[in-house]
Amino acid sequence: MKMRLSPSHLPATTLALLLPLTNAECIRAALLETVDEYLQGLSMGQAGLLQNIADDFLNVENNKTIPIITGIIGNILKIDYNHTIVDLVSCATFTELVSSRSEKPWVIGTQIRHHPVDNTVYLIDSVVSTTGDWFFNASKTLHYMQNESWAPLGKPESRQTLLTAADAYLDMWTNATAEAAVPLDTPCDRLEGSAYTGQGLSNDTCRLNVPTNHTQKPNSGRRYVVDESVGAVSVLCVFEHMSPDAADSHLFRLEGGKLRFVHTITKMSSAGLGDPYPPRGGSIRGPA
Ligand SMILES: *[C@@H]1O[C@H](CO)[C@@H](O)[C@H](O)[C@H]1NC(C)=O
Ligand SMILES: *[C@@H]1O[C@H](CO)[C@@H](O)[C@H](O)[C@H]1NC(C)=O
Ligand SMILES: *[C@@H]1O[C@H](CO)[C@@H](O)[C@H](O)[C@H]1NC(C)=O
Ligand SMILES: *[C@@H]1O[C@H](CO)[C@@H](O)[C@H](O)[C@H]1NC(C)=O
Ligand SMILES: *[C@@H]1O[C@H](CO)[C@@H](O)[C@H](O)[C@H]1NC(C)=O
Ligand SMILES: *[C@@H]1O[C@H](CO)[C@@H](O)[C@H](O)[C@H]1NC(C)=O
Ligand SMILES: CC(=O)N[C@H]1CO[C@H](CO)[C@@H](O)[C@@H]1O
């Protein structure tokens, strides 16, 4: 009788050696190469520059699954600013970019997800905003984004601290005690579309205009990208408390355990986009 080799037959020490290897095979350079190809593709209006695409690849824009060639990449963008964070646990990246000088102005937040081990791309998931969206003004957004430092921290933030802060922030619409759990102390600057809460002063606060009605709809379908080294966490979700529902991107930066920057990109009028998410089922939050 043959013995089946299942994990329960492996000694614990072997398992301990195998598990970290799974994450180690998520290769930073491969993730960044895809970001580069995506940005080049947007600059040239060509999806064909994307390599290493998985068989089960999907392109999601503003919460709707659409063929990539019918989406934003069909435009030619002059990119003024791009900024990427890297999640080596979930094998994913988040890139924010501003294109203020194209035929139409754009501010875009994109999460790109890769299969571990072979690093093929299975999901490009974007919030794409333009004129008419929440506080939209690309040149103003550009001005503020360029003024901030998102450089690596001396001491990385823990994954759990980042996820807890992001969730507490996004829970403020439904939970009266969530605000107290967000490390919102000064200085903190929120760039909401192009609206800036501060003036670059040490007393800037992100408490400005936070929700006071805690019985609204939750911000659901949260998808996370976490980069401990720069203290950043990206969350894409649906703002169901807006009418109609809106596709939303929040990017948070913590310094010393406290919220320093918040960027939001909110696509108005994405009503009727009903494609199932997440397409692969289950949570894509990754291990805390
Ligand atoms: C993205 O930003 C980097 C600097 O952070 C720059 O070197 C690169 O050229 C930019 N890419 C595009 C397509 O604009
Ligand atoms: C964007 O903001 C800038 C600076 O406040 C302003 O000069 C410009 O007119 C605005 N653009 C649009 C399209 O509203
Ligand atoms: C509300 O937020 C607080 C602080 O984060 C948390 O402890 C509590 O569990 C939350 N309540 C619900 C119902 O999620
Ligand atoms: C921050 O300080 C400036 C200058 O002292 C003041 O004008 C401003 O009102 C203060 N802002 C807040 C949010 O307290
Ligand atoms: C709070 O939001 C809920 C859901 O949208 C709404 O029914 C309620 O009237 C709001 N309460 C206040 C005080 O605005
Ligand atoms: C976004 O996708 C979720 C998950 O499938 C769906 O429940 C929701 O209705 C969609 N939201 C919008 C605004 O289309
Ligand atoms: C990183 C950066 O450029 N920060 C600047 C943003 O603007 C304030 C106020 O003008 C400056 O003090 C910062 O140095």
Side-chain angles (χ1 to χ4, degrees), residues 28-29 31-51 72-73 75-86 93-102 105-110 112 124 126 128 138-139 141-142 145-152 158 160-185 206-207 209-220 222 227 229-230 232-233 235 237-246 248 250-254 257-259 263 271 285 288:
R28 186 182 174 86
L31 306 189
L32 288 173
E33 199 173 314
T34 300
V35 172
D36 205 46
E37 288 162 4
Y38 186 64
L39 292 175
Q40 291 299 331
L42 287 171
S43 312
M44 298 169 73
Q46 282 185 27
L49 295 176
L50 284 162
Q51 308 286 308
I72 182 64
I73 213 160
N75 298 269
I76 294 178
L77 271 55
K78 295 189 180 78
I79 299 174
D80 300 305
Y81 172 86
N82 72 89
H83 166 226
T84 296
I85 65 170
V86 181
T93 55
F94 172 75
T95 301
E96 57 180 3
L97 71 90
V98 179
S99 174
S100 66
R101 298 167 295 131
S102 312
W106 304 97
V107 176
I108 299 169
T110 300
I112 304 180
I124 297 182
S126 308
V128 179
S139 46
T141 300
L142 176 65
M145 281 189 181
Q146 283 174 329
N147 181 249
E148 294 175 350
S149 171
W150 288 65
S158 81
Q160 190 56 61
T161 299
L162 293 167
L163 288 167
T164 302
D167 272 336
Y169 192 99
L170 291 168
D171 285 347
M172 289 193 293
W173 283 262
T174 51
N175 180 341
T177 56
E179 185 183 338
V182 185
L184 274 171
D185 301 295
C206 293
R207 285 195 200 277
N209 300 328
V210 297
T212 51
N213 182 349
H214 310 292
T215 59
Q216 304 183 69
K217 288 185 185 162
N219 304 311
S220 66
R222 298 182 193 175
D227 186 335
S229 69
V230 293
V233 47
V235 189
C237 66
V238 176
F239 262 19
E240 298 144 315
H241 56 84
M242 287 188 154
S243 185
D245 289 353
D248 178 82
H250 266 66
L251 177 66
F252 303 95
R253 153 103 162 179
L254 271 70
K258 299 199 164 163
L259 202 55
H263 291 176
R285 174 178 176 139

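We count ligands from 1, going down the list as the structure has it; atoms in each ligand are counted the same way. Just so you know, these numbers use all the heavy atoms, side chains as well, and skip hydrogens, waters and symmetry mates.
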### Message
At under 4.0 Å between heavy atoms, is it the side chain or the backbone of Ala168 that contacts ligand 3, or both, or neither?
### Response
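No part of Ala168 is near ligand 3 at this cut-off.
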Donor-acceptor pair, [X] side chain versus [Y] backbone, under 3.5 Å?
X	Y	answer
Arg222	Leu170	yes
Asn75	Ile72	yes
Ser102	Pro105	no

### Message
Asn213 versus ligand 5: do any nitrogen or oxygen atoms come within less than 3.5 Å of each other?
### Response
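Between Asn213 and ligand 5, an N or O pair is found under 3.5 Å apart.
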Pairing donors with acceptors under 3.5 angstrom, does anything connect the side chains of [X] and [Y]?
X	Y	result
Asp80	Ser100	yes
Thr215	Asn213	yes
Glu179	His214	no
Gln216	Thr174	no

### Message
If we set the cut-off at 4.0 Å for heavy atoms, which region of Thr215 has an atom near ligand 5: side chain, backbone, both, or neither?
### Response
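The answer is both, backbone and side chain.
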### Task
Just go through Asp167, Thr174, Thr177 and tell me whose heavy atom is the nearest to atom 3 (C) of ligand 3.
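Among Asp167, Thr174, Thr177, the closest heavy atom to atom 3 (C) of ligand 3 comes from Thr177.
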### Query
Which option out of Asn175, Thr164, Val182 puts a heavy atom nearest to atom 2 (O) of ligand 3?
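Minimum heavy-atom distance to atom 2 (O) of ligand 3 goes to Asn175.
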### Contact atoms of ligand 5, heavy-atom distance to Gln216 under 4.0 Å
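Result: 2 (O).
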### Query
Are His83 and Trp150 near enough that their ring centres are under 6.0 Å apart?
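Centroid distance His83-Trp150: below 6.0 Å, so yes.
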### Message
Using a 4.0 Å cut-off to any heavy atom of Ala181, which atoms of ligand 3 qualify?
### Response
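Ligand 3 atoms under the 4.0 Å threshold to Ala181: 4 (C), 5 (O).
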### Query
Which protein non-hydrogen atom lies closest to atom 13 (C) of ligand 1, naming both residue and atom, and how far is it?
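For atom 13 (C) of ligand 1, the nearest protein heavy atom is Leu39 CB, 3.8 Å.
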#### Entry: Which residue and heavy atom of the protein sit nearest atom 12 (C) of ligand 1, plus the separation
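So the nearest neighbour among protein heavy atoms is Asn82 ND2, 3.6 Å.
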### Task
Please indicate, with yes or no, if any protein heavy atom is found under 4.0 Å from atom 5 (O) of ligand 5?
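Under 4.0 Å from atom 5 (O) of ligand 5, zero protein heavy atoms found.
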### Query
Protein heavy-atom contact under 4.0 Å for atom 9 (O) of ligand 1?
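Within 4.0 Å of atom 9 (O) of ligand 1, no protein heavy atoms are found.
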